[in-house]
Amino acid sequence: MTLKRLVLEIGMGNDLHGGDYTKAAIRAVQDAVHHSSLTMIRTLGIDWETVQVHVTIGVQEPAQVDPEAVKSTLPSGQVSVNVVKGGLDVPDEEIDDIAVIASAAVEVKVDMP
C-alpha cells in the first residue's frame, strides 16, 4: 500500500496583540480545518486511527510555537506538526507590540492500494 494525500487545506491565523506564536499557529490550523468536511473518510470506510494528518506551520519565530498544543487541537488521526520559518511579524512601535501572522498547511493522507 502507498500513502496518498487526499486533502490539502491552507489556513491563516494571527495574534494581533502579545506576540503569541502558538495562538496564531492554532488559529491558522483551525482556519484550515474549518474549510473541510472529510466525509470521504467515513464513506470509504477508512479507520480514522490510520489517517495521517501532517501540519506545517510557518511563523517568523518557529521555536516559539508549542507543537503539542497545536497537535492537541486536531480531533483524530496520527498527527504530526512541523514548524518552519515563514508567516509575518508586524511590529507596532508606538506601543511596543507585535502582531503575529501564521500560515498553516494541513495534509490528510491515507494508505491506499
Side-chain angles (χ1 to χ4, degrees):
M1 298 247 245
T2 305
L3 206 57
K4 299 283 187 179
R5 182 170 69 187
L6 293 182
V7 175
L8 171 64
E9 284 292 347
I10 307 300
M12 189 275 298
N14 63 69
D15 181 29
L16 293 178
H17 301 288
D20 189 328
Y21 290 90
T22 298
K23 183 186 288 185
I26 289 170
R27 288 177 174 171
V29 169
Q30 291 304 304
D31 181 50
V33 299
H34 286 111
H35 292 168
S36 291
S37 175
L38 301 180
T39 58
M40 76 188 101
I41 301 294
R42 183 181 60 243
T43 301
L44 295 173
I46 298 169
D47 178 6
W48 260 107
E49 295 308 311
T50 66
V51 173
Q52 294 190 24
V53 181
H54 298 282
V55 177
T56 304
I57 302 290
V59 292
Q60 284 293 295
E61 298 289 338
Q64 298 296 317
V65 174
D66 178 353
E68 289 302 313
V70 174
K71 184 177 178 178
S72 73
T73 67
L74 293 165
S76 54
Q78 300 173 26
V79 181
S80 64
V81 176
N82 183 34
V83 186
V84 300
K85 187 155 177 78
L88 183 65
D89 286 351
V90 183
D92 185 343
E93 291 87 7
E94 288 183 32
I95 60 171
D96 192 29
D97 197 9
I98 190 169
V100 172
I101 303 171
S103 41
V106 179
E107 299 174 88
V108 177
K109 297 181 178 185
V110 296
D111 211 4
M112 301 196 58

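Numbers here are sequence positions counted from 1. Computed from a predicted structure; not experimentally measured.
Under the side chain to side chain contact (heavy atoms under 4.5 Å, CB included) test applied with V110, the options V51, V7, T50, L44 reduce to a single match, V51. The side chain to side chain contact (heavy atoms under 4.5 Å, CB included) test with V53 singles out one residue from V33, L74, V81, and that residue is L74.
Listed for the D15 side chain is a donor-acceptor partner under 3.5 Å among the backbone atoms of D20. A donor-acceptor pair is defined here as one N or O able to donate and one able to accept, closer than 3.5 Å; no such pair exists between the side chain of N82 and the backbone of V55. Put simply, the side chain of Q60 gets close to the backbone of G86: a donor and an acceptor are under 3.5 Å apart.
The shortest distance between side-chain heavy atoms of M12 and S103 does not fall below 4.5 Å. Within the 4.5 Å cutoff, the side chain of V84 has no heavy atoms near those of the I57 side chain. Side-chain contact check for V90 versus I101: some heavy-atom pair is nearer than 4.5 Å. For the pair I95/D92, a side-chain contact is recorded, criterion being any heavy-atom separation below 4.5 Å from C-beta on. Annotation: side chain of L3 is in contact with side chain of Q52 (closest heavy-atom distance under 4.5 Å). Between V83 and V59, some side-chain heavy-atom pair lies under the 4.5 Å cut-off.
In this structure, NE2 in H35 is found 7.0 Å from CD in E9, a value given to the nearest 0.5 Å. The structure places CG of L16 at 9.5 Å from NZ of K23, a figure rounded to the nearest 0.5 Å.
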Given side-chain contact (heavy atoms from CB on, under 4.5 Å), test K109 with H54 step by step and report yes or no.
CA-CA 8 Å; K109 297 181 178 185; H54 298 282; 3.6 Å; yes
Go through the steps for Y21 and I26 under the test side-chain contact (heavy atoms from CB on, under 4.5 Å), then give the verdict.
CA-CA 9 Å; Y21 290 90; I26 289 170; over 6 Å; no
In sequence, state the C-alpha distance, the side-chain angles, and the governing distance for R27 and N14, and then conclude on side-chain contact (heavy atoms from CB on, under 4.5 Å).
CA-CA 7 Å; R27 288 177 174 171; N14 63 69; 4.3 Å; yes
Audit row: V65, V70, side-chain contact (heavy atoms from CB on, under 4.5 Å) steps and yes/no:
CA-CA 8 Å; V65 174; V70 174; 4.0 Å; yes
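A single hydrophobic cluster is not seen to contain both L8 and L6; linkage of ILVMFWY side chains at heavy-atom distances under 4.5 Å, directly or through other members, places them apart.
Of all the heavy atoms in A32 and G11, the pair that sits closest is CB-N, 3.7 Å.
In the displayed structure, H17 atom NE2 is contacted under 6.0 Å by at most 12 heavy atoms of other residues, nucleotides or ligands. Residue D96 places its CG atom among 12 or fewer non-hydrogen atoms of other residues, nucleotides or ligands, all under 6.0 Å distant.
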